Amino acid sequence: WGTESQQAFDEIMMGTYSLELKDMMKAFKEFMGPSNLMAYLTMMAIRLVEMHRVLKITGSLYLHCDPTASHYLKIVLDQVFGQKNMINEIVWQRTNTKSLQTRIFPNCHDIVLSYAKAERYQFHKVYTSYEQGYVDEFYKYTEEKTGRLYTLSDVTNPNKDRPNLTYTWKGVRRVWRWTKDKMEDMDKAGRLVYLKSGLPRYKRYLDEMPGVPASDTWTDIPPLGAHAKESLGFPTQKPVALLERIIQASSSEGDVVMDPFCGCGTATVAAEKLGRKWIGIDVTHLAISLIKKRIIDHFPDAKFVVVGEPRSLDDAQALFKQSAFQFEAWAVSLIGGQPYKSTGGGDTGMDGFLYFQDFQGNYHRIIIEVKGGGYQPKDVRSLAHVLQREESPMGILIALEPPTKGMLSAAAELGKWAIPGSRKSYPVMQIMTIQDFFDGKKPELPDTSETLKKAKREVREREKKKNQPKLPLVE
């Protein structure tokens with residue numbers, strides 16, 4: 001609880017919000033006091049009102065939280081959306097049972113609260129895979145020609161009072177499930193299997209079945225482990241499968257998905273993959289640069305616009321004055337780099353990095369250093385020492401100010417580095433200004449599309465060798 005929390009609370013109490021919301025927030029504060037939880041609920045309340053405002057009449061909202069806050073958020077949502085518009089409380093088993101707990105049942109789940117704006121909200125059934133035990137028990141037969149698994153189903157009708165479906169089929173008279181014409185079609189298609197008694201049975205293939213309708217308890221979407229392929233090292237990153245299920249259930253192709261706390265962009269990636277339009281919001285250029293690279297690497301043809309990034313040299317200078325850290329993250333993103341921030345403290349001499357693979361299959365790291373203020377030839381030499389220390393073949397210095405002749409000479413003296421297994425070579429050191437990027441210039445680089453895939457594992461292994469704390473790629 002601080003100045004921003006108090007300002008948000010005052011805005012709720014004095015703004016054009018509902019009397020019910022004001023009374024509820026007042027009661028919360030009297031009960032909780034100016035605590036961290038109260039700060040969180042105030043922050044969420046003022047934003048949930050805006051989310052409700054912009055939500056389409058056929059839309060719905062999904063809010064992910066842990067059990068320590070879900071019951072409070074439910075009350076806030078009831079006030080903003082209305083109790084009757086609650087759709088589901090979904091339990092997502094995000095981890096397996098931990099044997100370390102001795103005095104409580106292990107906490108293995110999170111809550112996803114789902115609310116609609118009105119009764120007209122979209123909902124499409126989603127299905128989960130059958131358990132192997134069910135498949136083994138019911139789909140016992142394998143078709144010789146195709147290898148497809150199938151089961152045999154009854155083709156008689158449970159309703160015995162159906163004169164139009166009562167007829168004799170190959171010597172057997174029953175009340176059938178289908179008309180005679182459809183029975184003939186099924187027979188011609190090879191979908192009927194006859195028992196010794198002459199009674200037909202319907203051949204139902206496993207691969208034609210949708211699966212089990214998903215319930216409000218999701219145990220089939222595992223969390224992201226440290227070595228998961230899609231893991232980016234972002235602490236609150238969700239599995240793409242979780243967002244895909246939500247988006248598939250509550251929207252159609254071409255609809256708009258908005259994530260107002262998009263972090264590393266899992267919702268935007270899932271929306272792009274499923275053919276939805278999307279809006280992602282985050283306040284840090286660190287997150288924005290990560291999302292941009294993630295979208296570009298996975299969907300090279302995707303078209304999107306970033307609102308709020310510097311568009312001119314004056315904008316860049318203003319960002320640097322506002323926050324040097326934000327400026328560094330934005331500058332690194334100009335070449336698709338991954339921002340770097342060590343937990344060990346101190347200046348490591350690198351603000352970002354890129355990865356590329358040589359023709360012999362080995363991975364190499366390009367070091368990126370960003371300078372917002374004045375810099376000198378010694379800074380070029382300093383970066384050269386970082387390249388040597390990190391065993392990196394190339395470095396890029398990005399700066400607000402144009403380099404001096406001495407700096408350009410110092411960089412040129414480092415020569416070029418030849419990629420093993422090829423005749424291609426690239427400058428060991430390149431200096432780029434922010435104005436260069438606005439002018440459309442780009443550094444000479446090999447293919448660095450492997451950056452997100454390799455960064456996490458490679459950097460952590462290096463940190464372990466140095467006996468330093470593990471490095472989070474993003475904060």
Side-chain angles (χ1 to χ4, degrees), residues 285-286 289 309-310 312-356 364-418 425-446 448 451 455 458-459 462-463 466 468 471 473-475:
H285 288 283
L286 188 64
S289 64
E309 280 193 321
S312 66
L313 186 59
D314 289 341
D315 291 347
Q317 290 169 339
L319 177 61
F320 174 68
K321 290 178 182 178
Q322 179 186 2
S323 169
F325 177 68
Q326 294 273 25
F327 172 77
E328 288 173 2
W330 170 73
V332 169
S333 75
L334 293 175
I335 53 176
Q338 180 86 351
Y340 176 102
K341 188 165 179 61
S342 175
T343 56
D347 187 1
T348 61
M350 54 184 184
D351 299 311
F353 50 85
L354 289 161
Y355 277 99
F356 68 94
H364 305 275
R365 187 165 59 163
I366 302 171
I367 302 298
I368 306 169
E369 175 73 352
V370 179
K371 293 291 182 182
Y375 61 125
Q376 306 170 22
K378 67 176 184 179
D379 293 306
V380 176
R381 292 189 289 272
S382 177
L383 181 55
H385 288 306
V386 173
L387 298 185
Q388 186 177 13
R389 182 191 76 205
E390 298 295 322
E391 300 178 355
S392 298
M394 287 182 274
I396 300 172
L397 186 60
I398 303 175
L400 266 173
E401 305 296 331
T404 64
K405 289 184 179 179
M407 295 174 65
L408 293 174
S409 297
E413 287 174 3
L414 296 173
K416 291 191 173 185
W417 183 78
S425 61
Y426 296 88
V428 171
M429 178 83 67
Q430 297 179 67
I431 302 176
M432 300 288 295
T433 66
I434 297 299
Q435 188 60 54
D436 287 337
F437 290 104
F438 287 131
D439 292 340
K441 298 178 183 177
K442 296 181 179 180
E444 296 179 54
L445 296 174
T448 57
T451 294
E458 292 282 330
V459 171
R462 286 175 181 269
E463 292 293 314
K466 298 176 186 177
Q468 293 179 354
L471 172 70
L473 297 187
V474 288
E475 293 191 320

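In this text the structure is predicted, and so the values were computed from the model without any measurement.
If you take CD1 on Ile396 and CG on Leu354, they are separated by 6.0 Å, rounding to the nearest 0.5 Å. Separation of atoms CD (Glu413) and CZ (Arg381) is listed at 9.0 Å; rounding is to 0.5 Å. Taking CD from Glu390 and NE2 from His385, the interatomic distance works out to 14.0 Å, rounded to the nearest 0.5 Å. To the nearest 0.5 Å, atom NZ of residue Lys442 and atom CD of residue Gln430 are 13.5 Å apart. Of the inter-residue distances, the one linking Gln326 atom CD with Ser289 atom OG reads 9.5 Å to the nearest 0.5 angstrom.
The two residues Gly337 and Ile368 make their nearest non-hydrogen contact at CA-CD1, 4.1 Å. Heavy atoms only, all atoms of each residue included: Pro402 and Thr433 are closest at CA-CG2, 3.8 Å. Pro403 and Leu408 get closest at one heavy-atom pair: CG-CD2, 3.7 Å. A pairwise comparison of heavy atoms in Ala329 and His285 identifies CB-C, 4.0 Å as the closest pair. When all heavy atoms of Phe437 and Pro443 are compared, the pair lying nearest together is CE2-CD, 4.2 Å. Across Ile434 and Ala316, no two heavy atoms sit closer than the pair CG2-CB, 3.9 Å.
Side-chain contact between Val332 and Ile398 is absent, with no heavy atoms from C-beta onward closer than 4.5 Å. Contact annotation: the side chain of Met394 approaches that of Pro446 to within less than 4.5 Å [non-hydrogen atoms, C-beta and beyond]. Within the 4.5 Å cutoff, the side chain of Ile335 has no heavy atoms near those of the Ile366 side chain.
Pairs of residues two or more places apart, or lying in two chains, that qualify as salt bridge (charged side-chain N to carboxylate O under 4.0 Å, His left out) and include a residue from residues 427-440 are Asp436-Lys441.
In terms of modelled atom types and a separation under 3.5 Å, the side chain of Ser392 and the main chain of Arg365 share a donor-acceptor contact. Side chain of Ser382 to main chain of Lys378: no donor-acceptor pair is present (N/O by atom type, distance under 3.5 Å, no hydrogens or angles). In terms of modelled atom types and a separation under 3.5 Å, the side chain of Gln317 and the main chain of Leu400 share no donor-acceptor contact. Within the 3.5 Å criterion, the main-chain N or O of Val370 finds a donor-acceptor partner in the side chain of Asp351.
Ala399 meets the side-chain contact (heavy atoms from CB on, under 4.5 Å) test with Lys371, Tyr375; sequence neighbours excluded. Residues passing the side-chain contact (heavy atoms from CB on, under 4.5 Å) test with Leu383 are Ile367, Glu369, Val386, Leu397, Met429, sequence neighbours excluded.
Ring orientation note: the planes of Phe353 and Tyr355 are nearly perpendicular, at an angle over 60° on the 30°/60° scale.
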